[in-house]
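First up is the structure itself, then whatever we jot down about it.
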Amino acid sequence: MALRVYDTRSRTKRTFEPLIEGTVRLYACGITPYSPSHLGHARQAIAFDVIVRWLRHSGFAVDYVTNFTDIDDKIINVANAEGVDFSVVAERNIADYYQVMDAMNVLRADAYPRVTETIPEIIEMVEQLIEKGHAYIGNDGVYFEIDTAPEKYGQLTGQTLDMVRAGAGGRVDDTGSGKRDHRDFALWKLAKPGEPSWASPWGEGRPGWHIECSAMSLKHLGETFDIHGGGADLLFPHHEAEIFQSECCLGHDPVVKYWLHNGLINVDGEKMSKSLENFWTIGDTFEHVHPLELRYALLNARYRQPIEFNMAMLEESKKHHERMMEVYGRALVAAGSGDWNGCDSLEEAAERFTAGMNDDFNSRTAMVEVQSVVRDLRALLESDSDAGLVAAGVAWLDEFAGGILGLLPDAESVRAAQAEGESARDALAAKVEPLLEARAAARAAKDWPRADQIRDQLNELGVVVEDSPDGPVWRIE
RNA sequence: GCACGAGUGGCAGAGCAGCUAUGCAACGGACUGCAGAUCCGUGGACCCGGGUGCAAAUCCCGGCUUGUGCUCCA
C-alpha cells in the first residue's frame, strides 16, 4: 500500500513518490543552540526520527540532514552576557542536544551541517541572488527583494502580499533600516563593532536567518530534494523565505517536493514559550520521567497535531510505557525473540500498524496496535502458553515498538535490567521470606490486623505484596 | 483584522459517507479478610444551525469557540 503524506504547500495528502526512485532526500530544520533543548526540539526530532525510520523500513535509502544554526543574534546575546565567545555557547548547547536526543533513542542524522561551516556556500548563493536581480545591497546588509518574485508569496501560509503589507503596518522592524520594503528580508547582515563576523564581498558580517537552510540543503542534498521539514512555527517567514531564495537562485520550481510540518507543544492551551514562563527543557522533563517515557508521550499524537503538555499526560504515558516495558521484559527473559510471521493476530496487527504509518505517519494508530499486542502478550504470559507465541510477540514488539517507534531500549539492556531486578530481589529475599511466612500464619489464623501490620513492614522495605489465587507474590516497588 | 488549522464520550485520541476504534478513568461481575493485580462485561460522544445523499461525526454553506502564523522561535 502506498505511502501518503500531507504536503503543506499543496495542503493535501499526496502519494509519496521520491524524485529518484528508491531514495529519499530529507532536510529538517534543526535548532539554534542558544539554550538547552526544550520539548519543542524533542518533538521535532522525534517526529522526523520516526518518519526516517519508517521510510527506511519501507525500503527507501534515506539521506537525512538536519542543521545547527550556530551563529545568530540570540547566541551572541547569551555569549555577551556570559562574557564568552559565541562558539562556547553553541558548542555547549549542541552537546546538550546530542545527549538528550540520544537518550530518547533519536537516531543520528546522516549530516549535521552548521552555518559556520557553510559560509562560502552562503556567500555564493547571495552573490547569485544579487546577479539575478533578486537581491540588493543596503546600507547595513544585503536583502532579498520580495517584489522580484511576488508570485512566490504565501506559498505555505496562503497569505498575500497585501495582507502582510497591511498587517505589519506600524510594526516595521528596526533591524533592517536598509530595507526598501519591510517584507524584504536579510541575506547578509553587516557586523556591528564587536560582533563575530566573516569576510564577504559586502564587508564583514554574518548570514541572515533564512539563507543558511537554503545553502545547506543545496550543499548536502542538491538542487532538488524530496522532503523539507520543521516545526509549524517556521512556516512563515522562515520556510517561505527559503522558497524565495532557493527557487530564485536555482531558477527552477519547486526545489522541495513535499513540505512536512510538525505541530507545536502547548502548555495550558498556549504555545510553550519562554516569555509565558511555561517552558520545559528536555532536561527538566527527565527529572520526572524516563527519556523513553517522554518519547512515548510525544508520539501519542500525530506529528502534525498540537500536543497539550502537562504532568497528567506525562504520567499517563509513563504508566503505559512502564506497562509495556514490564510485559516486554518478562517475555524477553521467558522466551527470547522469535519470528512473528505466521501468527495471524500479529500479522493483522502489523497490517494495521503499516496502514497507519502509511497514512501520513500516523504514529497514534501505530501505538494502538502496540498497546493491543502488549495486552495479548501479557495474557499469554499469565496463561503459561507456549514459548513460541511469546517469542513471536517479542519479535513483533522489537520490530515495531522498538525498530520503528524507538520506544524500547536495546534487548541487552532490558535483559540487564531484568537481571538487576532479580539480584535485588535475591538480596532482599532473606529479609522478606520470614515476614511472608509470619503473614501467612497470621492470615491462616484470621488475625487480619497482624497480617496488615506485617504487610506494612514489607512496604517499609520497599516490597509490595499482592495475594493471588496461587498465593502471595511480591515485587520491589 | 487577515491567513491556516482544530472542535468526537470524564480525559487522551482514531475514524473522514453506511460496519464495536483503542487506551486511561467510571460502573458491574469473577477472584479477594482487606488491598492490589488480573480477567470478563457495561454505559457513555461526534460545537451549533441549515443543505446535499437512501444514508453524514464524516461532504457543502453559515455561525460560534479555540490554536497557530502575520515579530525571534521546533
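Residue numbers start from 1 in every chain, and the chains themselves are labelled A, B, ... in the order their sequence lines are given, proteins ahead of strands.
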Return yes if a side-chain donor-acceptor contact under 3.5 Å exists between [X] and [Y], otherwise no.
X: A/Asp72; Y: A/Thr32; answer: no
X: A/Tyr303; Y: A/Asp360; answer: yes
X: A/Arg302; Y: A/Gln305; answer: no

Other residues, nucleotides, ligands: >12 heavy atoms within 6.0 Å of A/Lys431 NZ:
no
Tell me if the CD atom of A/Glu433 is crowded by more than 12 foreign heavy atoms within 6.0 Å.
yes
Under-4.0 Å side-chain N/O to phosphate OP1/OP2 contact, A/Arg183 with B/U71:
no
Span that lies between the [atom1] atom of [M] and that of [N], in whole angstrom:
N: B/A17; M: B/U52; atom1: C1'; answer: 12 Å
N: B/C48; M: B/G9; atom1: P; answer: 10 Å
N: B/G13; M: B/A25; atom1: C1'; answer: 14 Å
N: B/U58; M: B/G7; atom1: P; answer: 11 Å
N: B/A6; M: B/C60; atom1: P; answer: 11 Å
N: B/A74; M: B/G69; atom1: C1'; answer: 14 Å
N: B/C2; M: B/G23; atom1: P; answer: 44 Å
N: B/A21; M: B/C16; atom1: C1'; answer: 13 Å

Taking any heavy-atom pair under 4.0 Å as a contact, classify [X]: base, sugar-phosphate, or nothing.
X: A/Asp359; result: sugar-phosphate
X: A/Gly40; result: base
X: A/Gly154; result: nothing
X: A/Leu234; result: sugar-phosphate
X: A/Ile265; result: base

So, is the end of the A/Arg108 side chain (NZ or CZ) under 6.0 Å from the ring centre of A/Tyr98 and within 45° of the ring's axis?
yes
If we call it a pair only when both distances are under 3.5 Å in a Watson-Crick or G-U wobble match, what pairs with [N]?
N: B/C2; result: B/G69
N: B/A74; result: none
N: B/U32; result: none
N: B/A56; result: none
N: B/C27; result: B/G41

Chi angles and distances behind the ring-ring contact (aromatic ring centres under 6.0 Å, His included) call for A/His239, A/His210
CA-CA 8 Å; A/His239 286 337; A/His210 315 295; 9.3 Å; no
Would you call A/Asp73-A/Lys189 a salt bridge at under 4.0 Å N-O?
yes
Looking at A/Asp140 and A/Lys192, is there a salt bridge between them, counting it only when a charged N and a carboxylate O are closer than 4.0 Å?
no
Could you state the atom-to-atom distance from [atom1] of [X] to [atom2] of [N] in whole Å?
X: A/Tyr153; N: B/C4; atom1: OH; atom2: C1'; answer: 15 Å
X: A/His239; N: B/C70; atom1: NE2; atom2: P; answer: 13 Å
X: A/Glu308; N: B/C11; atom1: CD; atom2: P; answer: 13 Å
X: A/Leu235; N: B/C4; atom1: CG; atom2: P; answer: 12 Å
X: A/Ile282; N: B/A74; atom1: CD1; atom2: C1'; answer: 10 Å
X: A/Leu381; N: B/C39; atom1: CG; atom2: P; answer: 11 Å
X: A/Leu156; N: B/G5; atom1: CG; atom2: P; answer: 12 Å
X: A/Tyr303; N: B/G13; atom1: OH; atom2: P; answer: 17 Å

Residue closer to the 5' end of RNA chain B, A/Arg475 versus A/Arg304 (nearest nucleotide)
A/Arg304
A/Asn266 or A/Tyr6, whichever maps to the more 5' nucleotide of RNA chain B:
A/Tyr6
Short side-chain to backbone donor-acceptor contact, A/Asp226 and A/Arg25, under 3.5 Å
yes
Would you classify B/G62 as syn or anti? Syn applies when the glycosidic angle is within 90° of 0.
anti
Ignoring the backbone of A/Asn362, work out which of B/G15, B/A74, B/G5 is nearest its side chain.
B/G15
How would nucleotides 21-35 of chain B be written as a contact map, 5' to 3', with B for base contact, S for sugar-phosphate-only contact and - for no contact, using protein heavy atoms under 4.0 Å?
BBBS------S-BBB
